[in-house]
Amino acid sequence: MTDRSFLEAPAVEVAPRLLGAVIRHESDDGVVAIRLTELEAYLGDGTDPGSHAFRGMTKRNATMFGEPGHLYAYFTYDMHTCGNIVCSPSGTASGALMRGGEVVEGHELARARRSTSKNQHDLARGPARLAVALGIRLADNGSDLFAPPFSLELPHAPFDYLSGPRTGVSGEGGTEKYPWRFWLPDEPSVSPYRRHPKA
DNA sequence: TTAAGGATTGACT
DNA sequence: GTCAATCCTTAAT
C-alpha cells in the first residue's frame, strides 16, 4: 500500500488527506519529524493562476510535473525555502504546499535551526519556517519522500478539517475562487490568514 | 540582454 | 499596524 498510490489524485483531493501525516527528514545533524496541520493545494493545468505551473512546465517547476510523492522545493524572496508534496500522475502538475505543522521529533535540532522562534508552535508555523525546521534545502528538490533520508507516514483515518482561501497568493483577486487551503481545527501551529500584500 | 516580480518572514512604529 | 531584505525566475525587448 503503498501509500504512494493515493497521491496520484489532484492536490485538491490529496491535500486534506495529508493533514495529520508525519514527515520525517534525517540529516547529518539528526532527525526531525513534523506532523502536518496546514496545507494548500496547487494545480498546474492552466486553471490555477496562483500556481507556479500555471504557464506550463519551466525549469523551476519541472518537479511538479514529475512523480507523485516527491518533494518540490523552491526558493522565494531569496531567503526562504518552501516544500511541496507532488501529487497527480507524472506529466500532470499538482502539489500540496506544506504551510504549517507541529514538531513531534527532534525538537532540539529544530530549535537550533530556528533560533529566532520563541515557542514550540512557532518552529514550523509558516511554509518557510517548516522547511527550515525540517531541514529542507533547495538541493532536496525532487527527492522521494518515501525513501531515505525522508519518510512520510500517513494518517490511518481521515481527520476533520477546515478549508478556506489560500494565503499570500497574488493574481487571484478574490481568493474565494480557490478555497484550497486546508487545516486542522484547534491547532496552534496553523499560520494566521494573510492576504497577499500587493493583491 | 534587460526589467519586473515573488506560494515570506522578521523587525520596527 | 507598516516596511525592508535580497537574488533567482520569468517575461519582455
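Side chains included, hydrogens not; waters and symmetry mates left out as well; all remaining heavy atoms used. Throughout, protein chains are lettered first and strands after them, A, B, ... in sequence-line order, and every chain is numbered starting at 1.
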Student: Applying the Watson-Crick and G-U wobble criteria at under 3.5 Å, what pairs with C:dT6? Answer none if nothing qualifies.
Tutor: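 Check on C:dT6: unpaired, no WC or wobble geometry under 3.5 Å.
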Student: Please report the closest heavy-atom contact between A:Y42 and A:D48, naming both atoms and the distance.
Tutor: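 Taking every non-hydrogen atom into account, CA-OD2, 3.5 Å.
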Student: Within the 4.0 Å heavy-atom criterion, would you say A:R181 contacts the bases, only the backbone, or no part of the nucleic acid?
Tutor: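 Result for A:R181 = nothing.
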Student: Please report the distance, rounded to the nearest Å, between CG in A:L97 and P in B:dA7.
Tutor: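 Going from CG in A:L97 over to P in B:dA7 covers 10 Å.
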Student: Decide yes or no for A:E13 and A:S94: does some side-chain heavy atom of the first lie under 4.5 Å from some side-chain heavy atom of the second?
Tutor: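 Not in contact.
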Student: Minimum heavy-atom separation for A:C87 to A:A96, with atom names?
Tutor: SG-N, 4.2 Å
Student: Heavy atoms under 4.0 Å, any strand shown: does A:R55 hit a base, just sugar-phosphate, or nothing?
Tutor: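 It contacts sugar-phosphate atoms only.
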Student: Send over the distance from A:L138 CG to C:dC7 P, rounded to a whole Å.
Tutor: 14 Å
Student: Out of B:dG6, C:dT10, B:dT9, which nucleotide sits closest to the side chain of A:A128?
Tutor: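 Closest of the options to the side chain of A:A128: B:dT9.
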Student: Rounding to an integer number of Å, can you tell me how far A:H52 NE2 sits from C:dA11 P?
Tutor: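 The distance from NE2 of A:H52 to P of C:dA11 comes to 12 Å, rounded to the nearest Å.
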Student: Any side-chain heavy atom of A:R181 within less than 4.5 Å of one from A:V190?
Tutor: yes
Student: How long is the line joining CE of A:M98 and P of B:dT8, in whole Å?
Tutor: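 Distance check: A:M98 CE to B:dT8 P gives 14 Å.
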Student: Categorize A:Y72 for me: base, sugar-phosphate, or nothing, with a 4.0 angstrom heavy-atom threshold over every strand shown.
Tutor: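 Answer is base: heavy atoms of A:Y72 come under 4.0 Å of a base.
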Student: Quick one: are A:D144 and A:H70 in side-chain contact, heavy atoms under 4.5 Å?
Tutor: yes
Student: May I ask you to verify if any side-chain N or O of A:R114 is less than 4.0 angstrom from the OP1 or OP2 atom of B:dT9?
Tutor: no
Student: Expressed in angstrom and rounded to an integer, what is the separation of A:F54 atom CZ from C:dT10 atom P?
Tutor: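 Atom CZ in A:F54 sits about 15 Å away from atom P in C:dT10.
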Student: How close do A:P68 and A:S90 get, heavy atom to heavy atom, and via which atoms?
Tutor: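 Scanning both residues completely, I find the closest heavy atoms to be CD-N, 4.1 Å.
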Student: Ignoring hydrogens, what is the shortest heavy-atom contact between A:I85 and A:L36? Give both atom names and the distance.
Tutor: CD1-CD1, 4.2 Å
Student: Counting side-chain heavy atoms from C-beta on, which of C:dT10, B:dT8, C:dA11 comes nearest to A:R60?
Tutor: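 Looking only at heavy atoms from C-beta outward on A:R60, the closest nucleotide is C:dT10.
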Student: What is the distance, to the nearest angstrom, from the CZ atom on A:R194 to the P atom on B:dG6?
Tutor: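 Atom CZ in A:R194 sits about 15 Å away from atom P in B:dG6.
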Student: A:F75 CZ to C:dT9 C1': how many Å, rounded?
Tutor: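 It is 13 Å, rounded to the nearest whole Å.
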Student: Are the side chains of A:L162 and A:F182 in contact, using a 4.5 Å heavy-atom criterion?
Tutor: no
Student: Output the rounded distance in Å from CZ (A:R166) to P (B:dA7).
Tutor: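 Rounded to the whole Å, the gap is 10 Å.
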Student: Do the side chains of A:L18 and A:L154 get nearer than 4.5 Å, heavy atoms only?
Tutor: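 Heavy-atom side-chain distance check passes, below 4.5 Å.
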Student: A:T58 side chain N/O closer than 4.0 Å to the phosphate oxygens (OP1, OP2) of C:dT10?
Tutor: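 Yes, such a contact exists.
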Student: Could you check if a side-chain atom of A:R166 sits within less than 4.5 angstrom of a side-chain atom of A:L97, using non-hydrogen atoms only?
Tutor: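 With C-beta onward as the side chain, the pair stays apart.
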Student: Indicate for each nucleotide in nucleotides 1-6 of chain C, in 5' to 3' sequence, whether protein heavy atoms under 4.0 Å reach the base (B), only the sugar-phosphate (S), or nothing (-).
Tutor: ----BB
Student: Return the residues of residues 63-70 of chain A meeting this criterion: a heavy atom under 4.0 Å from some atom of DNA chain B. Order them by number, or give none.
Tutor: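 By residue number: A:M64.
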